[in-house]
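Reviewing the structure listed below.
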Amino acid sequence: MAKNDLIGGALWDAYSNKVSERMDNPTHLGVLTQKDANEKGAKLIVADYGAESCGDAVRLYWLVDSNDTIIDAKFKSFGCGTAIASSDMMVELCLGKKVQDAVKITNLDVEHALRDDPDTPAVPGQKMHCSVMAYDVIKKAAGLYLGKDAADFESEIIVCECARVSLSTIKEVIKLNDLKSVEDITNYTKAGAFCKSCIKPGGHEEREYYLEDILAEVRAEMDRESVKKVADKGSEIAFAEMTIAQKVRAIDKVIDEHIRPMLMMDGGDMEILDIKDTSDGFIDVYIRYLGACSGCASGSTDTLYAIESILQENLHPNIRVLPI
């Protein structure tokens with residue numbers, strides 16, 4: 001039976017060629033012994049890590065020389081093909097590094113190294129968690145070599161204790177893959193897949209960070225960055241394709257920089273009430289004058305014309321400003 005018959009062609013196509021190759025022919029699968037260590041004048045380190053949540057397990061072998069450099073490494077894995085491919089790449093990233101540098105390797109480093117091109121994920125979102133074991137077994141091996149507890153190397157803020165997913169990992173995955181829901185985060189990282197305490201307040205264990213809040217914060221940051229790029233470039237097409245919330249932010253930015261200072265000099269101000277896209281291609285911006293502007297006759301003539309002209313010049317020529 002062909003692989004496509006087993007898992008479906010579409011799913012199989014979601015794996016990179018590098019993952020497929022290492023699933024079938026891992027480069028670093030094997031065992032290192034004390035005899036190997038003695039022959040190379042190195043110290044043998046054997047570290048085990050098992051993910052109880054999915055049943056996968058990996059054993060990592062290092063030969064470390066007197067300069068703390070990993071001169072050889074192998075692995076054995078009990079797990080799915082993705083876990084095997086991830087473990088194989090993890091070993092490759094360790095080779096030639098000092099132990100103190102190898103411990104900085106994360107599951108995202110492993111996944112990125114398995115990509116065929118930088119912008120396409122190496123594995124389907126639901127299999128991203130298989131590379132998390134690499135992150136943990138490296139710390140275990142480094143701890144054994146340096147005589148430390150694996151937790152001593154934990155410089156990251158861990159949001160999901162069950163899947164050992166850090167705050168920085170979650171933020172990066174949201175940005176890289178344009179994730180829009182907590183379910184997306186769970187599919188890509190397995191954060192929130194188990195006890196669910198990290199999803200939102202009210203679970204069996206109180207957390208400092210919750211996925212819902214992290215997602216909202218990162219999405220807001222992404223919106224701000226998008227608006228800034230558009231405002232900097234003055235892209236008419238990009239502005240027209242923005243969401244209403246993004247358009248409000250873009251208009252607010254232009255108002256703050258070019259319009260509000262002019263109004264405030266005369267004791268006035270303004271606010272945006274609504275934005276509507278019309279069927280004839282116009283973008284109507286409904287505003288309300290505040291302060292001295294609200295009672296000024298020029299609020300409906302010269303000032304209105306100036307506001308409309310500035311927005312058209314900086315954002316889109318089809319903007320119409322309508323005072324209410």
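Computed over heavy atoms, backbone and side chain alike; hydrogens, waters and symmetry mates excluded.
D184 places none of its side-chain heavy atoms less than 4.5 Å from the side chain of N177. Counting only heavy atoms from C-beta outward, the side chains of V182 and K200 never approach each other to under 4.5 Å. Side-chain contact between Q100 and L146 is present, with heavy atoms from C-beta onward closer than 4.5 Å. You'll find the side chain of Y49 stays beyond 4.5 Å of the side chain of K140, heavy atoms only.
M90 and L63 fall into different hydrophobic clusters, defined by Ile, Leu, Val, Met, Phe, Trp and Tyr side-chain heavy atoms under 4.5 Å apart, directly or through other members. No chain of hydrophobic side-chain contacts below 4.5 Å, direct or via other Ile, Leu, Val, Met, Phe, Trp or Tyr residues, connects L176 to Y15. M262 and I255 fall within a single hydrophobic cluster, where Ile, Leu, Val, Met, Phe, Trp and Tyr side chains are chained together by heavy-atom contacts under 4.5 Å. Y61 and V64 are assigned to two separate hydrophobic clusters, defined by single-linkage of ILVMFWY side chains at heavy-atom distances under 4.5 Å. No single ILVMFWY cluster, assembled from side-chain heavy atoms under 4.5 Å apart, contains both V110 and L95.
Pairing each heavy atom of V31 with each of K74, the nearest pair is N-CB, 4.1 Å. Pairing each heavy atom of D88 with each of L29, the nearest pair is OD1-N, 3.9 Å. For the residue pair R22 and H28, the shortest heavy atom distance occurs at NH1-CD2, 4.4 Å. The minimum heavy-atom distance linking I199 with Y210 is given by the pair O-CB, 3.6 Å. The two residues S87 and V58 make their nearest non-hydrogen contact at OG-CG2, 3.6 Å. Annotation for N318 and G281: closest pair ND2-O, 3.2 Å, computed over non-hydrogen atoms.
One finds no salt bridge joining R249 and D252 here, because no Lys/Arg side-chain nitrogen approaches an Asp/Glu carboxylate oxygen to under 4.0 Å. A salt bridge links D178 with R219; the closest basic N to acidic carboxylate O contact falls under 4.0 Å. Using a cutoff of 4.0 Å between basic side-chain nitrogens and carboxylate oxygens, D269 and R260 are scored as salt-bridged.
We find the CE-OG distance between M23 and S86 to be 8.0 Å, quoted to the nearest 0.5 Å. Atom CZ of F282 and atom CG of L322 lie 10.5 Å apart (nearest 0.5 Å). One distance of note links CD of E206 with SG of C198; it measures 13.5 Å at 0.5 Å rounding. Taken from CH2 in W62 to CG in L144, the straight-line distance is 9.0 Å, to the nearest 0.5 Å. Between K43 atom NZ and I71 atom CD1 the span is 13.5 Å, to the nearest 0.5 Å. In this structure, the separation between CZ on F75 and CE on M89 is 11.0 Å, given to the nearest 0.5 Å.
For the 3.5 Å distance criterion, the side chains of N38 and Q34 qualify, holding a donor opposite an acceptor. Inspection of the D280 and T278 side chains reveals an N or O donor paired with an N or O acceptor under 3.5 Å. In this structure, a donor-acceptor pair under 3.5 Å is present between the side chains of D36 and T33.
Proximity of a side-chain donor or acceptor of N67 to a complementary backbone N or O of T69 within less than 3.5 Å is not detected. Under a 3.5 Å cut-off, the side chain of K175 and the backbone N or O of M222 do not form any donor-acceptor pair. At least one donor-acceptor pair closer than 3.5 Å links the side chain of T186 to the backbone N or O of A191. With hydrogens and angles disregarded, a donor-acceptor distance shorter than 3.5 Å links the side chain of E111 to the backbone of A122. Checked by atom type and distance alone, the side chain of D116 pairs as donor or acceptor with a backbone atom of N17 at under 3.5 Å. Of the possible donor and acceptor atoms, one in the side chain of E308 sits under 3.5 Å from a partner among the backbone N and O of V321.
Atom CZ of R288 has 12 or fewer heavy atoms from other residues, nucleotides or ligands within 6.0 Å. Around atom NZ of K76, no more than 12 heavy atoms belonging to other residues, nucleotides or ligands sit under 6.0 Å away. Atom NZ of K276 is surrounded by 12 or fewer heavy atoms from other residues, nucleotides or ligands within 6.0 Å. In the displayed structure, R59 atom CZ is contacted under 6.0 Å by at most 12 heavy atoms of other residues, nucleotides or ligands.
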message: Could you go through D68 and Y145, starting from their C-alpha distance and side-chain angles, then the distance that decides it, and tell me whether this counts as side-chain contact (heavy atoms from CB on, under 4.5 Å)?
response: CA-CA 9 Å; D68 298 339; Y145 177 75; 2.5 Å; yes

field: Test log, rule side-chain contact (heavy atoms from CB on, under 4.5 Å), inputs Y289 and I307
entry: CA-CA 11 Å; Y289 292 113; I307 294 172; 4.0 Å; yes

- request: List the steps, then state whether side-chain contact (heavy atoms from CB on, under 4.5 Å) holds for I174 with I214.
  value: CA-CA 9 Å; I174 292 171; I214 296 168; 4.3 Å; yes

task: Could you check T120 against S16 for side-chain contact (heavy atoms from CB on, under 4.5 Å), going step by step and ending with a plain yes or no?
output: CA-CA 8 Å; T120 305; S16 71; over 6 Å; no

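Partner of I157 under the side chain to side chain contact (heavy atoms under 4.5 Å, CB included) criterion, out of T169, L167, I170: L167 alone.
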